[in-house]
Amino acid sequence: MIEEQFSTGNSFVHSLDPRVKIIVAILFSVVAAVSSNFLALLPALALSLFLIILGKLSIRKVLYRLLLVNGLILFLWLFLPFTYKGEALFNIGPLVGTTEGVLYASQITVKCNAILLVMIALLSTTSVFTLGHAMSQLCFPDKIIHLFLFTYRYIHVIFQEYHRLINAMKIRCFIPRTNLHTYRSYAYLVGMLLVKSYDRAERIHKAMLCRGFNGRYYTLSRFYVKKGDVLYLSVMLAAILGLVILQWTAIA
Amino acid sequence: MHISEGVLSAPVLVTGAALAAAGISIGLKKMGYEKIPQVAVLSSAFFVASLIHVPIGPSSVHLVLNGINGLLLGWLCFPSILVALALQAILFQFGGITVLGINTVNMALPGVICYYLFGKLVNREKRTISSIAAFACGFLSVCFSGILVAISLVFTEQSFMSVAKLIVVAHLPVMIIEGIITLFCVAFLKRVKPEVLGGIYGKGS
């Protein structure tokens, strides 16, 4: 269940310097999130699609991811056309859908999916450990990086623990239903998970102290900026600047 | 509980990021390096616990658990939730970079509030008091989160009003379930490992 589906591959995007990817992903997300004009948003969506293609990712898997995440967007589509004030576009019984509402909802949809695609294309194509190391070289706070790397490391261990507990419950014929017994069992499951992780944390900390842990997390990975990275970074910066100009001039 | 990318307006995103930065810096200041492994293991426990789907009638909801997170971690639940959300964004694309700040605030602030409201009450000897406090902690943490999500939507665009109201109402069953789960979970922890609830993580080193 917890796997990095897109992180392996040998496309151009996979071989990029992770620092470059993080910078581009952040800049693109911010610019796209504050854009409100279709003149800027549609090119942004096209750009994100291009990045997915460049990463040679399985289109089916990407679409599946998008479907899962678009729940809230779908929810908004049920409401926005009717609650946004403006000119009437269509009627469903007594409900009146407005042009502005539909435009606003589609604006959000395009924006959301463009950002999601870029996140899949850039961040999900890097392993989480590499991302952590890259972030530490980009001068993110030390403690956050440590917490990030440790948390990711233990998610897998605790997920296994969780499966052991769930299996033990299943062996004892536990069937989740809407009743107090179910909720109590789940609460004890969570409690047990916390107790076990608490004990484990203590053991880990002592083991680390024994091995001379002084609070520093040294990374051995070195990243080298290659020609491709420079080219990619400059093209992407130009493209993002283009989006800014499109958005800005469209307002003026 | 997550707000997706692209929904909120720039002022809301910036406010969220600023508030999150403030909360996180308080949390980081209180979190010494020696506590990082412990906070990390608990963060991942919460990450995994949020994957648990609890049945309710014909559908199911997943646990949020920001109430217990707040009880156990105090201010440290800001960095803890930030990291869990960042991992969810990278691994499942739930949430994202620009909404990371506001989502962190929406989840962690209720946790901190519950820590101050119920942290002491939960540890009372009397079972009725501690049970009521635990239920209220679970119930209110989700309730506050829902209200914060609603506020961020309404401040983005007035026409989100009905969506926002619906989100709060739809979270009512989640609040009750979280309340029940928190109640039993706290009772379990008190019996099995009371020192977890001692709030050691909450105190600065």
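To find a chain, count down the sequence lines: A is the first, B the second, and so on, and within it residues start at 1.
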Taking the side chain as everything from C-beta on, heavy atoms only, tell me whether [X] gets closer than 4.5 Å to [Y].
| X | Y | result |
| --- | --- | --- |
| A:Phe159 | B:Leu51 | yes |
| B:Ile56 | A:Tyr183 | yes |
| A:Leu147 | B:Leu28 | no |
| A:Thr151 | B:Phe47 | no |
| B:Ile167 | A:Phe75 | yes |
| B:Val163 | A:Leu80 | no |
| A:Cys112 | B:Val7 | no |
| B:Ile52 | A:Tyr162 | yes |

Quiz item: Which one, A:Leu189, A:Val34, A:Leu78, A:Leu76, leads in non-hydrogen pairs under 4.5 Å with chain B?
Solution: A:Leu76
Quiz prompt | Option that, when pairs with chain B are counted at under 4.5 Å, heavy atom only, ranks first among A:Ile166, A:Ile115, A:Leu123 | solution = A:Ile115
Self-check item: Over-ring placement of B:Lys193 relative to A:Tyr198, 6.0 Å and 45° cut-offs
Solution: no
Self-check item: chain B neighbours within residues 125-135 of chain A, where any heavy atom lies under 4.5 Å away
Solution: A:Val128, A:Leu131
Exercise. For atom CZ of A:Arg177, decide whether the heavy atoms of other residues, nucleotides or ligands shown that lie under 6.0 angstrom number more than 12.
Key: no
Self-check item: Polar contact flag, side-chain donor to acceptor under 3.5 angstrom, B:Gln93-A:Ser124
Solution: yes
Quiz item: Should the pair B:Phe184 and A:Tyr188 be assigned to parallel (<30°), tilted (30 to 60°) or perpendicular (>60°) ring geometry?
Solution: perpendicular
